[in-house]
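The next block holds one structure in the form of structure tokens; read it before the comments.
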Amino acid sequence: MSILRFRTSRPALPQVAIAAVTRACILASSVFNKLVKNETLTKDDKSPVTVADYSAQAVINTILSRTYNDDLIVGEEDAGDLRATSASPLRNRIVDLANEALTAELRPGERADWGVGPGSALTADQLLSAIDRGNYAGGRTGRMWTLDPIDGTKGFLRGEQYAVCLALIINARVELGVIGCPNLPVSAADPSGPRGCIFVAVRGQGAAQVPLTDPFTSTPTPISIPTFTQENLNLLESVEKAHAKLSFNERVAQILGITRPPTRMDSQAKYCSLARGDGAVYLRMPTGVGYKEKIWDHAPGSLLVEEAGGIVSDSRGEPLDFGLGRTLGENFGVIAAGKDIHSKVLDAVKRVKEEEAKGQSMFK
Ligand SMILES: Nc1ncnc2c1ncn2[C@@H]1O[C@H](COP(=O)(O)OS(=O)(=O)O)[C@@H](OP(=O)(O)O)[C@H]1O
Ligand SMILES: [Mg+2]
Ligand SMILES: [Mg+2]
Ligand SMILES: [Mg+2]
């Protein structure tokens with residue numbers, strides 16, 4: 001196949017990343033309607049993973065490998081559990097789904113030399129190896145991709161928000177972020193209107209949204225964080241209580257005089273909503289059980305917010321460090337907000353931390 005040969009001229013970066021994310025989004029939304037019980041596994045950390053997570057990672061890693069064959073990938077999933085003989089029904093389903101997504105007809109503006117389209121099917125072994133190309137350990141130097149094939153798997157299983165998330169990191173700095181949100185309304189002003197958005201951010205070039213139905217030929221809509229009035233200020237936060245300390249958020253909201261209820265949604269759809277002004281502050285504080293945040297859960301979202309004019313930091317005000325490996329290191333949480341609000345949130349967060357420390361010392 002010509003697409004497997006080494007290429008001397010590489011295709012434009014965002015287009016390939018958008019094609020990969022779009023195909024994975026279509027795969028995921030088609031799986032949702034047909035998902036049956038034994039197509040979800042529980043990983044060692046007790047979190048769920050479905051045939052959609054595995055096949056989306058296989059599809060995106062395959063496209064990246066065909067177009068940028070030297071690139072390293074830090075991906076969430078690995079194919080270990082799929083290699084057991086007992087996993088053959090699951091494996092077969094993943095192979096079918098991944099090949100269906102890879103070989104689907106080209107869409108307007110899409111090109112076969114991006115590694116997609118009819119004739120690009122792979123064997124089970126090739127697809128399992130593609131999943132395992134995501135096992136890179138990450139680090140401070142060099143060029144790597146980070147992939148969360150389905151971010152918010154629990155949201156996906158509930159039929160709510162989830163996101164396909166891909167970022168390019170060079171020397172620990174996120175240079176490109178692409179996030180696909182199949183269930184997110186194209187316009188928050190029309191929540192029952194059309195759904196499915198792709199968000200794209202390129203460092204130094206801004207942030208934009210394109211519809212999932214026509215990502216290549218439609219004109220991208222630039223997005224930026226607006227100024228919020230006190231009445232409109234609100235928090236964006238996790239749905240899952242085990243993922244973030246929501247009681248902490250409540251106290252921060254009280255200090256900031258926020259009256260509008262929080263918007264709870266799964267996945268990096270929170271960063272996307274913030275970047276286009278559907279919510280004012282994404283606050284994610286550690287629950288205290290020692291969970292380390294993963295780079296694929298924040299890399300594209302953080303660039304999207306920065307390119308939309310916002311600031312992303314941890315709860316000390318330090319930038320997120322994407323050069324530490326697969327995780328962000330010791331967990332100090334995440335604060336993302338527009339430039340004018342971020343410092344106020346940071347001050348409120350510091351105050352709540354002090355209150356908590358005092359509260360704890362009273363009982364010593
Ligand atoms: N214990 C714990 N603490 C903090 N975070 C955790 C924890 N467990 C999981 N995760 C990660 O949360 C990702 C899901 O995104 P959110 O937490 O933002 O959304 S939500 O909680 O589902 O609403 C989720 O991403 P996916 O695994 O891709 O779904 C996890 O990476
Ligand atoms: Mg997961
Ligand atoms: Mg995730
Ligand atoms: Mg995931």
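A quick note: this is a predicted structure, and the numbers were derived from the prediction, not measured. Atoms within each ligand, like the ligands themselves, are counted from 1 in listed order.
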Between the side chains of Arg158 and Glu240, is the shortest nitrogen-to-carboxylate-oxygen separation below 4.0 Å, so that they form an ion pair? yes

Shortest protein heavy-atom distance from atom 31 (O) of ligand 1, along with the residue and atom involved: Asp297 OD2, 2.5 Å

Nearest neighbour in protein (non-hydrogen) for atom 20 (S) of ligand 1: Asp266 OD2, 3.4 Å

Check: Leu256 and Val345 side chains under 4.5 Å, non-hydrogen atoms: yes

Any atoms of ligand 1 less than 4.0 Å from a non-hydrogen atom of Met265? List them with their elements. 23 (O)

Does Ile150, backbone or side chain, put an N or O under 3.5 Å from an N or O of ligand 1? yes

If the contact criterion is a heavy-atom separation under 4.0 Å, does Asp151 count as touching ligand 1? yes

Compute the minimum heavy-atom distance from Gln268 to ligand 1 and say whether it is under 4.0 Å. no

Tell me which N, O or S atom of Asp297 sits nearest to the Mg ion (ligand 3). OD1

Using a plain distance cutoff, I'd like to know if Val239 has any nitrogen or oxygen under 3.5 Å from a nitrogen or oxygen of ligand 1. yes

Using a strict 4.0 Å cut-off to heavy atoms of Gly152, name the atoms of ligand 1 that fall inside it. 25 (O), 26 (P), 28 (O), 29 (O)

Near Thr153 (heavy-atom distance under 4.0 Å), the atoms of ligand 1 are 29 (O)

Output the atom name for the N/O/S atom of Glu76 with the smallest distance to the Mg ion (ligand 2). OE2

Enclosure of Glu250 CD (heavy-atom neighbours >12, cutoff 6.0 Å): no

Lys/Arg-Asp/Glu bridge criterion (N-O < 4.0 Å) met for Arg284, Glu293: yes

Under 4.0 Å between a side-chain nitrogen and a carboxylate oxygen: does that hold for Arg203 and Glu306? yes

State yes or no: are the ring centers of Phe216 and Trp114 separated by less than 6.0 Å? yes

Region of Ala242 that comes within reach of ligand 1 [heavy atoms, distance under 4.0 Å]: backbone

Are any of the side-chain nitrogens in Arg140 or Asp321 under 4.0 Å away from the carboxylate oxygens of its partner? yes

Measuring only between side-chain heavy atoms, which start at C-beta, is Leu304 closer than 4.5 Å to Val312? no

Atom name of the N, O or S atom of Asp148 nearest to the Mg ion (ligand 3) is OD2

Which N, O or S atom name in Asp151 marks its closest approach to the Mg ion (ligand 3)? OD1

Val352 and side-chain contact (heavy atoms from CB on, under 4.5 Å): which partner among Asp347, Ile255, Asn249? Ile255

Provide the number and element of each atom of ligand 1 under 4.0 Å from a heavy atom of Ser267. 15 (O), 16 (P), 18 (O), 19 (O)

Can you tell me if Gly155 contacts ligand 1 (heavy atom of the residue under 4.0 Å from the ligand)? no

Proximity flag Lys270 to ligand 1, non-hydrogen atoms under 4.0 Å: yes

Are the charged groups of Asp266 and Lys154 less than 4.0 angstrom apart, N to O? no

Closest non-hydrogen protein atom to atom 21 (O) of ligand 1, residue and atom name please, with distance? His243 ND1, 2.7 Å

Looking only at protein heavy atoms, which one is nearest to atom 27 (O) of ligand 1, and what is the separation? Glu76 OE2, 3.1 Å

Heavy-atom side-chain proximity of Tyr162 to Asp151 below 4.5 angstrom: no

N/O of Lys154 under 3.5 Å from N/O of ligand 1, yes or no? no

Donor-acceptor pair, side chain of Ser47 and main chain of Lys43, under 3.5 angstrom: no

I want to check something: taking the side chain as every heavy atom from C-beta on, are Val74 and Trp296 in contact at a cut-off of under 4.5 Å? yes

Provide, to 0.1 Å, the distance between atom 3 (N) of ligand 1 and the closest protein heavy atom, together with that atom's residue and name. Tyr291 CD2, 3.2 Å

Test of proximity, Trp296 against ligand 1: N or O pairs below 3.5 Å: no

Within 4.0 Å of some non-hydrogen atom of Asp148, the atoms of ligand 1 are 28 (O)

Can you tell me how the ring of His298 sits relative to the ring of Tyr282, calling it parallel under 30°, perpendicular over 60° and tilted otherwise? parallel

Is the number of heavy atoms from other residues, nucleotides or ligands under 6.0 Å of Asp190 CG greater than 12? yes

Give a yes/no verdict on whether any heavy atom in Arg284 is under 4.0 Å from an atom of ligand 1. yes

The atoms of ligand 1 lying under 4.0 Å from a heavy atom of Glu240, numbered in the order shown, are 20 (S), 21 (O), 22 (O), 23 (O)

